[in-house]
Amino acid sequence: MTAQLICAVALLLCVFFAEAQSVSTLMGARAHAMASASSCLDDEWSLFNNPAGLSGVTDAIVAVGYAMTPLLPGSDRMAVAGSLRAFKGVLSAGIFRFGDAFYSEQIMRLGYAHKLGLAALGISASLIQYSATGFGTLWVPGVTLGGIAELTPWMKIGAYVVNPTQPVVSRDHGERLPTQLTAGIGVTPGEQVLIIAEVEKDLDYDTSWKIAMEYRPLGRFHFRLGCRLVPERFSAGVGFRSPRLRLDYALDYSAFIGTGHHVTAAYPFATK
Amino acid sequence: MKVTLIFCILMVPVMAVHAQQDAHLQQLIDDIAAIPDIDVPYEALYENLAQIFSEPYDLNRVTAEELRLLGFLSVQQIDALIKHRESFGDFLSPYELQSVEGLDEVTVDRLLPFVRVYEPETRLDKSVLKRIAENRNAYVMISQGRVLQRRAGDDSTFLGSPDQLKIRFRSSRPGDFSLGFTLEKDAGEPFVFESLWRPGFDHLSFHVQLQNKGIIENLVVGDYQVQAGQGLLLGGLFGLGKSGSETVNTLRRANVGGVPFSSSNENSALRGAVVTIRFDQNLHVTGFYSDAPRDALVEGDSTDSQLATALRTSGLHRTENEIAGRAAIREINAGVVVNRKTARMDAGVVLNSVIFDTPVQRKPRPYNQFAFSGSENHSESVFLNYNHRNHAFFSEFALNATGGTAAVIGLLSSLTPQLEVAAAYRDYSRDFHAFYANAISEGSSVQNEKGIYWGWKYRLTKYLHVTGYFDMFMFPWLRYRVYAPSRGYEWLLRIARNSRSGPSWHIQFREECKARNIYGDDPLVDVVPGVKRNVLAGTSIAAARGLTLKTRLQYSAYQIGGQTTEGMALMQDIAAEFGKLRVAARYALFDTDDYDNRQYAYERDAWLSFSLPAYYGVGTRSYILVSYSFKRMTLWMRFAHTRYIDREEIGSGPDKIAGNQRNDVKLQLRYRF
């Protein structure tokens with residue numbers, strides 16, 4: 001039994017190491033409810049998505065998040081991030097963890113964003129630790145660059161690239177970190193509505209398409225809906241906003257892996 | 001206030017708009033048929049809309065549910081119209097609609113053909129019989145059509161002439177009364193007097209309807225259809241799930257109760273009576289009973305062991321075999337709908353029983369293991385619709401006595417004045433049975449399906465609209481030609497410019513991914529995803545007064561198991577008016593690799609007729625439709641021609657035509673009293 005388990009895990013690890021090395025670090029229940037269309041979002045979770053979005057952080061803020069897919073045990077993801085205004089921009093630091101006792105990925109990430117007129121630029125640098133029971137651990141550096149530009153008061157364009165330099169994971173196997181480019185357009189047809197359309201291309205996968213919407217009626221609750229193609233997935237979510245607390249929940253559904261849940265909370269510290 | 005309104009109304013070029021109304025219905029249908037799907041009963045839907053079009057609603061009596069039936073008005077627009085009527089009193093003219101807040105020009109144009117303001121004096125207290133006798137809104141229509149080439153069946157198995165004949169009479173005053181009948185003989189059917197129900201014509205349908213007589217809100221005797229809740233049990237023939245231009249408002253069904261049935265669709269009418277009684281302002285009770293014959297294939301020798309192995313819905317009775325199945329079984333259908341309706345809420349309960357005199361048992365196949373069998377189906381459902389500000393929530397849950405369940409819940413929202421959004425979730429168990437359901441679904445029946453739908457409609461400018469939807473679905477059990485549980489998705493994006501003056505155009509993309517069997521050398525069947533992509537582009541230009549030019553391009557590609565096939569059609573239409581004479585014509589070229597790429601194209605046809613042929617193969621299609629009005633008479637003549645270059649015979653079985661050409665002619669005459 002134990003031998004079988006080890007074999008199974010070893011096989012799983014071969015797949016992980018041979019195909020795609022890293023899981024998605026997209027975090028934030030707000031982005032998640034919007035089909036992960038995050039290129040134009042600017043909030044405390046931008047550290048793990050488009051770093052340029054950090055420029056939208058106004059107060060010092062701490063955020064925690066947890067994501068799980070019940071049909072895929074061992075695939076839980078969690079993250080903590082903190083941001084504050086510093087060096088004429090926004091500085092942010094966070095930790096991310098994926099996996100269980102057998103296999104895990106841990107990321108330490110530092111990000112900075114600066115706004116220049118109508119455009120914001122951001123960068124984040126990560127140190128990724130892969131660890132698998134019996135196979136040891138591996139440390140790889142990664143970098144993400146992003147930008148968000150305001151074309152008109154009601155239209156934004158955002159894009160970011162993950163690991164543009166394709167850092168090497170394993171020289172023996174010629175493995176490199178996945179390179180991914182995401183670009184999207186955000187439209188605000190009315191004060192209460194945000195629509196985002198986005199494409200995401202990972203060199204190892206087919207192009208993914210996303211469209212999402214956020215509805216912010218007066219009051220404290222926000223509602224979100226998103227859908228994604230390749231692979232197809234539906235998502236929806238609700239958010240709560242108060243001056244001292246932000247709570248978000250996202251539910252997604254795909255015929256491949258069933259439902260997924262994502263919860264995040266953030267505590268802003270009002271600056272004087 | 002009224003004075004200004006009248007002034008505004010007088011400013012409208014009334015005659016010009018009237019002349020365009022026919023074209024608007026055509027356009028509406030063209031939009032609806034934008035993504036033709038064989039599963040949707042377009043013909044019946046068209047006839048229903050055309051029926052309203054021929055006897056427009058009384059704008060001062062029309063209900064919110066009746067307006068919803070049209071399928072293109074948003075919750076806010078319906079609300080605004082009713083509120084306007086409540087606060088400013090009766091409409092003096094349909095053109096007063098332009099002053100209703102929230103009704104934009106394009107919507108008003110679409111709505112105008114379906115509503116009318118009837119002169120108040122005709123509503124006075126004469127007896128109903130007198131009103132019927134004096135009614136001016138009545139017509140009788142006769143039409144004849146045939147294929148000029150001989151079909152294989154004409155020489156052998158068809159018992160009757162290749163002519164299609166139809167006679168239709170209707171006299172009505174919306175909100176008051178309606179009576180009418182339809183007689184029809186399909187091509188190939190014999191013309192022999194058999195009984196009062198079959199007086200030479202193969203099909204007879206009639207109805208008498210009275211509305212708003214004391215506590216009787218609605219009474220129909222004869223042929224009718226019933227629509228209640230979200231259509232999980234009783235769906236009638238109105239309503240489309242996913243259509244072309246209307247991706248939001250068609251999602252919610254109208255709760256209209258009994259509606260007269262005058263379509264020539266032979267196997268879907270209920271026959272008997274339906275009555276709706278209003279107990280107080282808010283409580284409505286509808287009861288119906290129907291005893292109708294149905295076509296079926298009955299097998300078994302003795303009466304006790306007989307089984308109906310297939311229900312036939314074509315309505316064709318041309319050969320000995322088809323006639324043998326005519327009215328082979330009896331269907332008793334009875335039900336009650338109790339609903340409480342307030343300005344914001346509409347909630348109710350539906351009870352429905354269907355009983356066949358011969359048990360139904362399909363030939364067993366793995367995919368129809370959960371299909372209906374037996375002779376009784378009892379069901380109940382509850383529905384709840386609730387409006388809150390800009391949001392309209394709708395839902396229905398249904399249950400069979402045998403345990404099948406179905407649920408649909410959804411929301412329509414106007415998030416901004418420009419943006420409307422709809423979302424709905426559906427879950428129909430594989431053993432759910434409802435013969436008259438018409439709810440949102442990907443499959444052809446409300447059964448064996450789960451899905452999430454998200455549709456949106458965005459008015460970029462007054463004339464420029466962007467609409468789209470995304471639908472993801474799962475079939476928990478096998479389906480016809482899909483021998484495994486499967487899943488798929490579909491999305492559509494359409495950009496359209498519609499304007500009263502100036503050119504109109506639209507472009508539409510759609511992709512659908514659905515599993516299907518493929519057969520290889522292996523004896524096992526492979527179930528693989530098949531992807532169909534469509535592109536559609538069209539323009540319409542009013543080139544001169546009374547002259548409209550339309551060009552349309554359709555392209556599709558179907559990809560399955562590593563193979564791709566394609567199809568296209570290019571069409572040029574012209575419509576011209578010379579006083580009382582109108583001419584519409586088309587010339588089209590089509591080139592399709594296979595049946596998966598057949599191109600459905602809506603064609604102009606005589607009044608109340610519907611034509612949505614599939615262009616398939618390689619060839620040309622052309623038609624000309626001429627109509628001429630003199631006094632109370634209108635005459636239509638239509639000639640259509642198809643020529644293939646890739647085959648020497650057309651069709652198969654009894655419909656087969658030797659040669660590569662097919663010509664259709666039709667003559668129709670209408671007399672208005």
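Only heavy atoms go into these numbers, but all of them, side chains included; no hydrogens, no water, no symmetry mates.
Partners of B:Tyr555 by side chain to side chain donor-acceptor pair (under 3.5 Å), not counting sequence neighbours, listed by chain and number: B:Glu566.
Looking at B:Met472, the atoms closer than 4.5 Å to chain A (heavy atoms on both sides) sit in the backbone and in the side chain alike. In this structure, chain B has no heavy atom under 4.5 Å from any part of A:Phe223. Interface remark: A:Ile195 contributes side-chain atoms only to the contact with chain B (heavy atom separation under 4.5 Å). At a 4.5 Å heavy-atom cutoff, the contact between B:Leu419 and chain A is made by side-chain atoms alone.
The greatest number of non-hydrogen atom pairs below 4.5 Å with chain B, out of A:Pro217, A:Ala255, A:Cys227, is found for A:Cys227.
At a threshold of 4.5 Å between non-hydrogen side-chain atoms, the residues B:Val408 and B:Tyr428 count as touching. For the pair B:Gln508 and B:Leu492, the minimum side-chain heavy-atom distance is below 4.5 Å.
Counting only distance, with no hydrogens or angles, the side chain of B:Gln230 and the backbone of B:Glu396 share no donor-acceptor pair below 3.5 Å. Listed for the B:Asn385 side chain is no donor-acceptor partner under 3.5 Å among the backbone atoms of B:Phe394. Between the side chain of B:Ser395 and the main chain of B:Leu384, a donor-acceptor pair closer than 3.5 Å is present.
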How about the chain B/chain A donor-acceptor pairs under 3.5 Å, what are they, with distances?
from     : atom 1 : to       : atom 2 : distance (Å)
B:Arg487 : NH1    : A:Glu232 : OE2    : 2.8

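Remark: B:Arg110 is positioned above the aromatic ring of B:Phe72, its terminal NZ or CZ atom under 6.0 angstrom from the ring centre and at most 45 degrees off the axis.
Closest approach of A:Gly146 to A:Pro51, counting heavy atoms only: N-CG, 4.0 Å.
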